[in-house]
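In what follows, every heavy atom counts, from backbone to side chain, and hydrogens, waters and symmetry copies are set aside.
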Amino acid sequence: MKNKRIEVSPKLRRQKRVRAKIAGTVLRPRLSIFRSNVHFYAQLIDDVSGKTLGAVSDALLAKNKGSHVTIDMAREMGVLLAKKAAEFGIKTVVFDRAGYKYHGRVQALAEGAREGGLVF
């Protein structure tokens with residue numbers, strides 16, 4: 001049987017390209033996001049030790065009871081994540097958009113994190 005070429009989705013290609021260029025450390029962790037059709041998650045990751053330092057999800061927000069995540073909720077998640085980072089003494093992060101375009105909920109979370117005091 002001949003070697004079959006496996007087709008990789010454009011999103012996965014973008015994700016791999018972004019991840020090849022960035023890595024998180026204890027002093028400057030990676031702010032990674034995951035966006036599904038309904039939910040939204042963000043976490044601070046130390047890639048050296050492979051541990052998650054802090055995470056937020058739309059389930060933490062009391063307003064989200066079975067509804068989709070809005071831009072305002074994503075902004076609140078960013079502020080909440082920045083507060084969690086401040087507890088660890090983290091002020092700077094590396095933003096990993098995970099292949100998603102920088103607009104909408106992704107942009108709102110990043111702006112909320114900046115409002116909360118994170119620098120990236």
If hydrophobic clusters are built from ILVMFWY residues whose side chains come within less than 4.5 Å, do [X] and [Y] share one?
| X | Y | answer |
| --- | --- | --- |
| Ile71 | Met73 | no |
| Val94 | Val18 | yes |
| Phe120 | Leu80 | yes |

Nearest 0.5 Å please: distance from the OG1 atom of Thr92 over to the CG atom of Leu31.
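The CG atom of Leu31 is 11.5 Å from OG1 of Thr92, to the nearest 0.5 Å.
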Answer whether the closest heavy-atom distance between the side chains of [X] and [Y] falls below 4.5 Å.
| X | Y | answer |
| --- | --- | --- |
| Asp47 | Arg19 | yes |
| Val106 | Phe95 | yes |
| Val93 | Pro29 | yes |
| Leu81 | Leu44 | yes |
| Arg105 | Leu109 | no |

Smallest separation among heavy atoms of Asp58 and Val38, with atom names:
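Nearest pair, atom of Asp58 first, then Val38: OD2-O, 4.0 Å.
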Over all atoms of both residues, closest heavy-atom pair of Val56 and Leu60:
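What the structure gives for the nearest pair is CA-CD1, 3.7 Å.
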Where at least one partner belongs to residues 84-103, residue pairs that pass salt bridge (Lys or Arg N to Asp or Glu O under 4.0 Å), sequence neighbours excluded:
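Passing the test, one end in residues 84-103: Arg30-Asp96.
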Should we count NZ of Lys51 as having more than 12 external heavy atoms under 6.0 Å?
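Counting neighbours around NZ of Lys51, 12 or fewer heavy atoms of other residues, nucleotides or ligands fall under 6.0 Å, so no.
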Parallel, tilted or perpendicular: which one describes the rings of Tyr100 and Phe34, with boundaries at 30° and 60°?
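Aromatic pair Tyr100/Phe34 classed perpendicular.
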In the hydrophobic cluster built from side-chain contacts under 4.5 Å, what are the other members alongside Leu12?
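Same cluster as Leu12: Val8.
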